Amino acid sequence: MPEPHLIPYHPARRPEADMLSSGREFFALMNGRRSVRHFAPDPVPRELIELAIATASTAPSGAHRQPWRFVVVGDSDTKCRIRLAAEAEERQFYEGGRAPEAWLTALAPLGTGWEKPYLETAPWLVVVFAQLHGVAADGQLIPNYYVKESVGIACGLFIAALQNAGLATLPHTPSPMRFLSEILGRPENEKPFVLFPVGYPAADAQVPDLRRKSLAEVVVWHPAGSGSAKATA
Ligand SMILES: Cc1cc2nc3c(=O)[nH]c(=O)nc-3n(C[C@H](O)[C@H](O)[C@H](O)COP(=O)(O)O)c2cc1C
């Protein structure tokens, strides 16, 4: 059994007023985030994508397995192939009877459909794969733990990093997503997780008028009334 190797960790503590002000600023930044389905074709520097992926890759993960892989696509041919394959699946979903009626009803307010022009317009497509298990040099399988949770958290950090950089994205999950493994030549132990088009919103971009749940709807303080601050009031 390997011995743990521990190092000191003493991040500076900040005055509470500073913490509250940072917390409010970050909330305002993230509350301004929207999933964008209309992108400008303007180029985005590769370094911004690298920074967002580096940020995502700081995510905690089960047993520190870091079971994620980010495949970045910027060339028109591959984007076109991905769009065509995604639209074929999505057409089946929206119009071919694959989606249950309740799901289509839930999606109706978003105005989504099978056509996905943004898969070609956005300057970058970042496809996140979940590594179901690792593979050792001798071919032995190395188990990963809490893969979905870990990759989901990494995706959240990726979205936050893009928002912080002034970029827009959309978590897109054409179903099924196997075509992404084929087009991008990924190995059998990697499963497509989410496809993120990344870029700037188009000048005439629109988003559905959605309401987010209030704090009161999502928080339960237990026992009731514990703590006193109302940070986002
Ligand atoms: C796991 C996941 C999968 C999603 N898949 C799709 C998708 O395939 N197509 C799409 O247009 N939006 C997709 N969305 C975006 C949601 O519709 C969107 O997040 C939700 O409507 C809230 O809007 P907002 O992101 O602007 O707050 C997905 C979101 C998540 C978290």
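If you're wondering where the values come from, they're calculated on a predicted model, not measured in any experiment. We count ligands from 1, going down the list as the structure has it; atoms in each ligand are counted the same way.
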What do you reckon, are the aromatic ring centroids of F39 and Y200 less than 6.0 Å apart? no
Would you please determine whether R212 falls within less than 4.0 Å of ligand 1 on a heavy-atom basis? yes
Does ligand 1 have an atom that lies less than 4.0 angstrom from a heavy atom of V207? no
Quick note on ligand 1: atoms under 4.0 Å from a heavy atom of T112 include exactly 11 (O)
Provide the number and element of each atom of ligand 1 under 4.0 Å from a heavy atom of L210. 21 (O), 22 (C), 23 (O)
To the nearest 0.5 angstrom, please state how far the CZ atom of R81 sits from the CG atom of L180. 11.0 Å
Could you check R91 against E95 for salt bridge (Lys or Arg N to Asp or Glu O under 4.0 Å), going step by step and ending with a plain yes or no? CA-CA 5 Å; R91 198 165 195 162; E95 293 180 356; 3.8 Å; yes
Polar-atom distance check: [X] versus ligand 1, any N or O pair below 3.5 Å?
X	value
L110	no
R34	yes
Y118	no

Neighbour count above 12 (heavy atom, 6.0 Å) for E217 CD: yes
Closest heavy-atom pair and its distance - Y118, R37: CD2-O, 3.2 Å
To which of E90, R37, H172, M177 does the heavy atom nearest atom 15 (C) of ligand 1 belong? R37
Donor on one side chain, acceptor on other, H5 and E3, under 3.5 Å: no
Hey, are E25 and S22 close enough side-chain-wise for a donor-acceptor pair under 3.5 Å? no
Which residue and atom name correspond to the protein heavy atom nearest atom 8 (O) of ligand 1, and how close is it? T173 N, 2.8 Å
